[in-house]
Amino acid sequence: MRDLNESHGAAIAEKALKKLAPVFRKSVKKNDFVARIGTDEFAFIFHDVSTDNAEAIAQRIRACVEAVQITLPNRTFTSKTLSLSTGIAMALIASSSTDLITQAELALHAVRAGGNRGVLVFSAAIGSRATKTYTRHIA
């Protein structure tokens, strides 16, 4: 989202958000929750799902997001695609809501390391590789 905004302006980023909204709505159940928490960051909170289910849901959302085409202004035949990387944290291993967010962000940081994309669940191995406390960037 940030790249779209910087490269093509706020109107294109807004257009992308409008295309993502129905994708996200279809991805969550009645008792689930999704919120935008940063310029290009979203939080999904799923009630009563296993780690395997959370990974499957994240992979499905990722595929749907990457299928979205954003038409660029004055370029009828040129469109931009979006990508999605996901860090997953499970409430069972987090001692607080702050831990849950930190663990999800550490997993996301580990996915993005080296320019990778994908889905990763927080683990003790990821936590042990964190050489410093990771502080979320607020846009």
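Computed from heavy atoms alone, side chains included, the values below leave out hydrogens, waters and symmetry copies.
Between Arg36 and Thr39 the shortest heavy-atom distance is NH2-O, 3.0 Å. When every heavy atom of Ala104 is checked against every heavy atom of Ala89, the shortest pair comes out as N-CB, 3.5 Å. Residues Ala16 and Ile70 share a closest heavy-atom pair of CA-CD1, 3.6 Å. Across all their heavy atoms, Met90 and Ser50 have their closest contact at CE-C, 3.8 Å. Taking every heavy atom of both residues into account, Gly87 and Ala107 meet most closely at CA-CB, 3.7 Å.
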Inset, instruction - Under the side chain to side chain contact (heavy atoms under 4.5 Å, CB included) rule, what do Phe46 and Val28 come out as? Steps first, then yes or no, please. - result: CA-CA 7 Å; Phe46 297 105; Val28 298; 3.8 Å; yes

Inset, instruction - Tell me, with the steps shown, if Val119 and Ile88 meet side chain to side chain contact (heavy atoms under 4.5 Å, CB included). - result: CA-CA 7 Å; Val119 173; Ile88 298 173; 3.6 Å; yes

Inset, instruction - Take Leu20 and Leu82 through the test side chain to side chain contact (heavy atoms under 4.5 Å, CB included) and record every step on the way to the result. - result: CA-CA 10 Å; Leu20 289 177; Leu82 304 173; 3.9 Å; yes

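Under the 4.5 Å side-chain heavy-atom criterion for grouping Ile, Leu, Val, Met, Phe, Trp and Tyr, Leu100 is not connected to Val121 through any hydrophobic cluster.
Cluster partners of Leu108 are absent, since no Ile, Leu, Val, Met, Phe, Trp or Tyr has side-chain heavy atoms less than 4.5 Å from it.
Remark: Phe24 engages Phe42, Phe44 in a ring pair (Phe, Tyr, Trp, His ring centres under 6.0 Å) (not counting sequence neighbours). Checked against side-chain hydrogen bond (donor to acceptor under 3.5 Å, both in side chains), Asp99 has the following partners two or more places apart in sequence or in another chain: Ser95. Residues forming a side chain to side chain contact (heavy atoms under 4.5 Å, CB included) with Asn31 (at least two apart in sequence, or on another chain): His47.
Here Ile12 contributes atom CD1 and Thr71 contributes atom OG1; the two are 8.0 Å apart, rounded to the nearest 0.5 Å. A distance of 12.0 Å separates CG of Asp32 from NZ of Lys30, quoted to the nearest 0.5 Å. Considering CZ of Arg117 and OG of Ser85, their distance stands at 7.0 Å, rounded to 0.5 Å.
Identified under the salt bridge (Lys or Arg N to Asp or Glu O under 4.0 Å) test for residues 13-24, with sequence neighbours left out: none.
Side-chain contact between Thr51 and Asn53 is absent, with no heavy atoms from C-beta onward closer than 4.5 Å. The shortest side-chain heavy-atom distance between Ile126 and His109 does not fall under the 4.5 Å cut-off. Counting heavy atoms from C-beta on, the side chains of Val68 and Val23 come closer than 4.5 Å.
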In a table with atom names and distances, give each donor-acceptor pair under 3.5 Å that connects a side chain of residues 54-64 to protein atoms at least two apart or in another chain.
residue, atom, partner, partner atom, Å
Arg62, NE, Glu66, OE2, 3.4
Arg62, NE, Leu84, O, 3.0

